[in-house]
Protein chains: 2
Amino acid sequence: MGTEELTGAALLAVGSALANPHRLRILGALADGRQYVSHLARELGMSRPLLHMHLQKLQSAGLVKGSLELSEDGKAVKYFEAVPFKLEITPQIVKSALPTLPPSTDKREGTSP
Amino acid sequence: MGTEELTGAALLAVGSALANPHRLRILGALADGRQYVSHLARELGMSRPLLHMHLQKLQSAGLVKGSLELSEDGKAVKYFEAVPFKLEITPQIVKSALPTLPPSTDKREGTSP
DNA sequence: GTCGCATGTCAGAAAATTCTGACACATGTC
DNA sequence: GACATGTGTCAGAATTTTCTGACATGCGAC
């Protein structure tokens, strides 16, 4: 796996995911190996709700993957790990992804005013 | 050229640049060849100030390049073209770019309260 | 001069994103 | 029971990004 045909939506999701310093740090931290949320929050010095949101976005983009597990002592622990993706982006690739971009949705009123 | 060592700032800039549908469309349109601003604005159906802003962001990220030229009949025309980049992003690359990420800038007050 | 078409920039509105501080739950230990 | 640990979620504030509608410039043609 690695070089799949990126859809417009996927390209947009990936771009958005990489558009924030915290998310880059999270991704970098997970490149070393899986970690559970609370631990990661402490390591990166950010609040859990915030980290949760960022992880959500990274997961939506398909860059990380979470799995809820049961630790030895019965506690529920959610581990996250980086998906071993390999993005490859060029102007041509962007161009060919355009047709699968969600329509602009004119935001001004629906179809029957 | 192509696979250069991405700095954290550059990675962030590129991600941000790709995080907007309009900018993807702009990039796609320029993949075919250079165009001047007003023409591009008509083609994409967006206002010139808006297009100007997006082009600025794309240029800051190093994905497009603009050059002000003088047309035959003496008019000043600004052409933009896509830079033939080839991004390659993996978790490891993100990780190695982290050290060159701009510091978090705690936003709370400066250095002498 | 006035029109057309190119350029750029500004202030402020509008919308989306980011972040915090509660709250909820479950489980094992003291 | 009260703690300490883990999980998730919510409403609202704070910030950033996006977008519009002016305005200003320059040059050629009429």
Side-chain angles (χ1 to χ4, degrees), chain A residues 9 12-27 34-61 64-80 101-102 104-109, chain B residues 9 12-27 34-61 64-80 101-102 104-109:
Chain A
L12 193 55
V14 166
S16 300
L18 299 176
N20 178 288
H22 280 166
R23 285 196 288 270
L24 292 183
R25 273 187 252 273
I26 293 169
L27 205 46
R34 70 207 308 254
Q35 283 192 340
Y36 67 94
V37 183
S38 287
H39 183 238
L40 194 53
R42 281 189 293 268
E43 184 174 307
L44 296 178
M46 72 174 82
S47 72
R48 232 169 20 79
L50 184 54
L51 175 59
H52 189 267
M53 195 207 65
H54 284 313
L55 282 171
Q56 218 61 32
K57 207 155 199 172
L58 283 167
Q59 185 167 43
S60 295
V64 305
K65 174 175 151 302
S67 58
L68 187 62
E69 300 183 10
L70 232 43
S71 69
E72 296 183 2
D73 53 333
K75 301 266 193 59
V77 183
K78 181 136 191 188
Y79 283 94
F80 273 90
L101 247 191
S104 9
T105 51
D106 274 44
K107 32 182 75 87
R108 307 278 186 227
E109 286 311 294
Chain B
L12 192 55
V14 167
S16 301
L18 298 176
N20 179 289
H22 281 166
R23 285 195 288 271
L24 291 184
R25 272 187 253 272
I26 294 169
L27 206 45
R34 67 206 310 250
Q35 284 193 339
Y36 67 95
V37 183
S38 288
H39 183 239
L40 194 54
R42 282 189 293 267
E43 183 174 309
L44 296 177
M46 73 173 83
S47 72
R48 230 162 29 72
L50 185 55
L51 176 59
H52 188 267
M53 193 207 66
H54 285 312
L55 282 171
Q56 217 61 32
K57 209 155 196 168
L58 283 167
Q59 185 168 42
S60 295
V64 306
K65 174 175 149 304
S67 59
L68 186 61
E69 301 183 10
L70 234 42
S71 70
E72 296 184 2
D73 53 333
K75 301 266 193 63
V77 183
K78 180 137 191 187
Y79 283 94
F80 272 91
L101 247 190
S104 5
T105 52
D106 274 43
K107 36 184 73 86
R108 307 281 185 225
E109 288 310 295

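Numbered from 1 within each chain, the chains take letters A, B, ... in sequence-line order. Values in this document were obtained by computation on a predicted structure and should not be read as measured data.
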query = Does R34(B) have any salt bridge (charged side-chain N to carboxylate O under 4.0 Å, His left out) partners at least two apart in sequence or in another chain, and if so, which?
reply = E69(B)
message = From CG of L40(A) over to C1' of dT7(D), roughly how many Å is that when rounded to an integer?
response = 15 Å
request  = Please list residues of residues 67-79 of chain A whose heavy atoms come under 4.0 Å from any atom in DNA chain C, ordered by number; otherwise none.
outcome  = D73(A), G74(A), K75(A)
key: Any residue meeting side chain to side chain donor-acceptor pair (under 3.5 Å) with S71(B), in chain and number order, not counting sequence neighbours   = D73(B)
ask   = Given side chains that start at C-beta, do those of L44(B) and I26(B) come closer than 4.5 Å, heavy atoms only?
value = yes
request  = Hey, which sits more toward the 5' end of DNA chain D by its nearest nucleotide, R23(B) or S38(A)?
outcome  = S38(A)
Contacts under 3.5 angstrom, residues 53-61 of chain B side chains, donor-acceptor by atom type, not counting sequence neighbours:
| from | atom 1 | to | atom 2 | distance (Å) |
| --- | --- | --- | --- | --- |
| H54(B) | ND1 | R23(B) | NH1 | 3.0 |
| S60(B) | OG | Q56(B) | O | 3.0 |

request  = Please list residues of residues 41-57 of chain A whose heavy atoms come under 4.0 Å from any atom in DNA chain C, ordered by number; otherwise none.
outcome  = S47(A), P49(A), L50(A), H54(A), K57(A)
ask   = Any side-chain N or O of N20(A) under 4.0 Å from OP1/OP2 of dT18(C)?
value = yes
query = Among all residues two or more places apart in sequence or in another chain, which pass the ring pair (Phe, Tyr, Trp, His ring centres under 6.0 Å) test with H39(A)?
reply = Y36(A)
inquiry  = Test of understanding: with side-chain contact (heavy atoms from CB on, under 4.5 Å), list the residues that count as partners of L70(B), not counting sequence neighbours.
reply    = A76(B)
key: Residues in side chain to side chain donor-acceptor pair (under 3.5 Å) contact with K75(B), at least two apart in sequence or another chain   = none
Integer-rounded Å distance: dT16(D) P and H22(A) NE2 = 13 Å
inquiry  = Once side chain to side chain donor-acceptor pair (under 3.5 Å) is applied, do any residues pair with R48(B), and if so which ones, sequence neighbours excluded?
reply    = none
